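Worksheet for the structure shown next.
Being a predicted model, the structure only gives us computed values, none of them experimental. All chains are named by letter (A, B, ...) in the order of the sequence lines, taking the proteins before the strands, and each is independently numbered beginning at 1.
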Amino acid sequence: MGAYILRRLLISIPVLLGITIIGFVALKMTPGDPLTASLNPEVLANLMSRPEVLEAERKRLGFDQPIFPNQYLIWLGKVVQGDFGYSVTSKRSIAYEVGSRLPQTLFLMIIALTLAVVIAIPVGVISAVRQYSKLDYSLNGMAIFLASTPVFVLGLVFVYVFAVNLRLFPTSELHSTNRHDIGDAIWHVVLPASVLAIVNAAPLVRYTRASMLDVLSSDYITTARAKGVLPWLVTTRHALRNGLIPIITLLALLIPESVAGAVITEQIFAWNGMGQMVVKAANARDPSLMMAVILITGVAVLLANLIADIGYAMADPRVRLDRAK
Amino acid sequence: MSTIAQPSDSSPPATPAPASPTPADPWGTTGATQVVVEHISAGQAAIRRFLRHRLAIVGVIVVVTVVVMAIVAPLLSPWPPNYIDFITGSRKPPSDWHPLGTDIVGRDIWARLLYGGRTSIIVGLGAVALYLAIGTLLGLAAGFYGGKVDQVIMRFTDTIMSLPPLLLIIVFVAAIGPSIYSVITVIGLLGWPITCRLVRGQLLVLRESEFITAARVVGVGDRTILFRHMLPNIFGPLTVVATFGVATAILLESSLSFLGLGVRPPQSSWGNLITEAVNPNVLNDVPWQWMPAAVAITLMVLGVNFIGDGLRDALDPRTAKRG
Amino acid sequence: MRARLLTIATAVMLIASACSSTPAATTAPTAAPTAAPTAAPTAAPTAAPTAAPTAAPTAAPTAAPTPAARPSVLRVARISDFLPSIHPVNLGTGNQELMADITFSTLVDVDSDEVTILPDLAKSWTASPDATVYTFELDERAVWSDGQPVTVEDVFFTIAWTSWYPTALKQFGLEMYRNVKGGENGSGTAIAPGTIPEGLKKIDDHTIEITLSKPDGTFLRRLAGAYYYIQPVHILGELTGEQADSCEFCLGTAGVTIGSGPYDFETSISATGANFKAKKGYWKGKDGPVEQIVYKIQESNVSVAQLKAGELDLVIRVPPLEGPGLASVAGLKQLNVPGVGIFALNFNHSQTDAAFRQAIAYAINRPEIIEQVLGGRASLNYGIPPGFKLYDDLDKYDFNVDKAKELLATSAFKDKKSIELIYLAEDPNFTLTAPALQQYIQENLGITVELSAFPTAPYVEFIEKNNDWEIYLSFGGSEGVGWYQSEIYTACPGIGVTYLKLDVGDDRGECAYQALFKEAAGLSGEAQDEVLHELARKLSTNIPIFHLWQPNYLHVYSDRLGGGFRIYPNERESFQSILDWTYAP
């Protein structure tokens, strides 16, 4: 097991480096003076009047050196220390910008993913157990239909129906004015999380169904059935456990998708999280912000995958034996 | 044995679609697993299977209709898509002049729907063609040469795949400035990992197969083996990936338009047409503005996905049984 | 497992329903509408406002009673873009001006007629008949949020700073201060930081005399604008021009940015807005009408949805087309007023000449655009800025294709086959207007118009930092106040206006416009009218900028707002009168 985890970690290192390279490319591709994106605006302001100092600063930060690898390495060194630079638009540090938004996005995503799992797995299992039934067709059809509709259409309709017309939930944002309690936040998260959950649930239903079908057609289930085990016991005791193991990995794989969905959902619900930030940053072409978002999500996804893989290996010994070879 | 999300040799494990909620690969066949394409009269058998797939035929009809309508758009609407009809004015409901009414500026929605279809189709096909080319080449290189080349390419693939596609696309489209070309280029340049993995996986299987060994023994050169013998065997699964990819790209374009990073206005695209509905008043009072495009996009994506399903089942009979 | 899920679901629903009761807005201090100082004629000495000065300005109402109910809240949104600054050199949008309005004070205010001058920091003032010498008597009650009194030194600092760091002045307006005697030493260069220009004189602890180097009859009226708020020298004394972009104070930071206005920053300005809390025992003897103002900067669609869902009390400048869709919402009132912001075509003078510009002006059927695209919710301009009389000999640029073609044939740029029109991507008004203009120019002049929509930041950057643009569409907010406000648009570069790089190299010399503006400012009566006529004729013939139309402004507000509630049409929808508003809980 230890060897497997170690191996898995080692593989992640080049990927991590790759992510930083992509972040760096994004930073460099965006037009604008690199100095404004990397220095505290107040410091920069003081330097502006003294060109010679400014030049020295440029040199100190390595902007006169070749972009690769020198500038990249200098930049990487700063990123490792948590210095992501400064936002050109808000003039505040990236840490400040991200710090205020990351929790809000995580909150939305955790609720949405939980909802998605809670909806999708039972639906997928039922669909598989009742293969070729009307229920199966309609559930599966619904999943395909939802996956073929742009997320924002769903979101807009949700806002319109449930917030504007029925006024059951608020239209947008995390909190009502002057409310900071968790209850208020949950009330606000219902709509965006539902939209995001539906989006994530659609593929999950199909995976669960396929996985369950695989297991249900396997020999040991047939044996169990032949022995006269009650059908629902076969499903819950025998099939479910094995059929759901691959879903662990799948959940991790859903995270990038879910982030993409979150970008749109946050936009619709004026949810002041990372997704809205990246859209604003993109529109304003704010290099450091865009770079930071890439780094943070990349690392988050990498970690999620790592955890999922290890979890998978723990749940299914075949994998780690297979890998240990 | 389950083919679903079975972790492959590399990490992270085989993953679904390159982007968006479309389950481009809902059954996991394009992962690092094997799709053995039969050789004997395989083509005919596949066509027969495809034709038996009712949904796929529906998909073909829908997609062909939409594509034809987009191509002959000028014949179907007398209005140029960007022409403002000052006589009728803005946000007018459907009439004899304007079968689907006018938009906020006074342009014909029907015309914009047709030309918007063009945009969406061009983005879908263009982006997929681009990433298919990149993915195939990289996949071939990785699968064929193995060793260090394979390692580097696969780590690169992992890297791209660990980043949410929409996020990457937003950042890079913004960096080079939004337009239809940048949308195509960026989706194309970032969408290849799935293809790459698929090609590599197929190649690894093929490499061990008897006919390749035979060819090698006879002394056929690397390049010939690669392009003459191996590549044609991958066409089937590649077509499936490409089909789902088109659906994904169309949805991506609409998402980008929604975020203001899609094609540049006044150029019409389905995404642009629907995006007007972010205004609750338009959503409620001007349904002719957004509903046709929303229906069109859903139909098109459904159609393409059905074709993909049909193709996959036709090319790999094993999955059909489970469907 | 299923049972547990059910429990969780029920719990979530219970919590949701528990929270769904609307947050009560209670206890609005019913600010008794005290008699506002009566209409004082402009530039005339006024009596002090009635409110008697309280004994000690520092008598802070400490030991607040335990907070009982939730504070009364006004939820405001204004549809515009976010710029992260509150320093006058950066007050580029109405958002910032509104925030400055409630957190800072100016020497004088203006009534909603946009003419009558009212007291603010100065409780009385005088102006010499020749409009060069002004005196102000500061209200001795005035204090900053940190308890320090507002002093003559604060006023001196605010005015002199613009002369110390003239290159920092990005927004037009502030350089008015440099008209103070000694504020400009000859060639327009800076004076040494720390020196007080000779035109600023301290009469006694609360009285100052300002002498201008040139007469300016518009001085008082302009001082009421948000740009001219008085800054605390004890905090900003060391601020350099470069720092004004990014210092903590300048970014609107809670606890750091303090003013002498009725509200304080409760949260720092962020991309989504800021919260403000009313000062208890505000020195004017009356507190703000609500304890808290939640000021949101957000997209119009979000605001419309929130209005429909009853989540906002006031939205300033809703796109007029949304009016009918919002009419049915209970509890909302609409204020549909002629706007002062003007859509204008700005021409790069190195890429166009007068004949070319006139051709374009004639080629566009503006009444038709207003009627059919804007739903009639705009009023036509005559090419020149409003605030000028419509002299009979001015061309109104009525739609005339033949004349347009004729003029184009005489232009040095007649072979131009395509032009690029730059506009703002995010504002629905721009995205509506640009294609309409494109179509008229293309159809009637045969010139292909390429539309380039930019988000705000690149739009501003493009126009500021490039000089290779041809035409851009602009929307200006406050020039309707009077002819003198339009000086900004034809000012010569080099005095701080960076976003309008009109080429002054040609012999028509746009500096001529500015000279005429300056000349008119120093005159009155018929002499002034003569200069203005000349100026109007020049602007109308050359149309350095072609003023298209003024869209109506639609403000939507809760019917709970009352008292002296009003949104000034001109002064960037100012909140200057906020102390007179009431808000029913």
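Of the two parts of B:I87, only the backbone, made up of N, CA, C and O, holds a non-hydrogen atom closer than 4.5 Å to a non-hydrogen atom of chain C. Within the 4.5 angstrom heavy-atom criterion, no atom of B:S179 approaches chain C. Heavy atoms of C:Q439 lying under 4.5 Å from chain B belong exclusively to its side chain. For C:E371, no part lies near chain B; criterion is any non-hydrogen pair under 4.5 Å. Contacts of C:T431 with chain B are made by backbone atoms alone, with heavy-atom separations under 4.5 Å and no side-chain atom involved. There is no contact between C:L374 and chain B, counting heavy-atom distances below 4.5 Å.
By the 4.5 Å heavy-atom criterion applied to side chains, C:N365 and B:F86 are not counted as neighbours. Put simply, the side chain of C:P435 does not reach to within 4.5 Å of the side chain of B:N82, judged on heavy atoms. No side-chain heavy atom of B:D85 sits less than 4.5 Å from a side-chain heavy atom of C:Q372.
For C:E368, the CD atom sits in a packed shell: over 12 heavy atoms of surrounding residues, nucleotides or ligands are nearer than 6.0 Å. Under a cut-off of 6.0 angstrom, the local environment of CG in B:L75 is crowded, with over 12 non-hydrogen atoms contributed by other residues, nucleotides or ligands.
Closest approach of B:S90 to C:V373, counting heavy atoms only: OG-O, 3.5 Å.
The stretch residues 99-109 of chain B places B:I104, B:V105, B:R107 near chain C, each with some heavy atom under 4.5 Å from a heavy atom of that chain.
Between chain B and the options C:G375, C:A436, C:S300, C:A453, heavy-atom pairs under 4.5 Å are most frequent for C:A436. Among C:A434, C:P324, C:G325, C:S452, the residue making the largest number of heavy-atom pairs under 4.5 Å with chain B is C:G325.
The structure places CD1 of C:I369 at 7.5 Å from CD1 of B:I84, a figure rounded to the nearest 0.5 Å. Separation of atoms OH (B:Y83) and CD (C:E443) is listed at 4.0 Å; rounding is to 0.5 Å.
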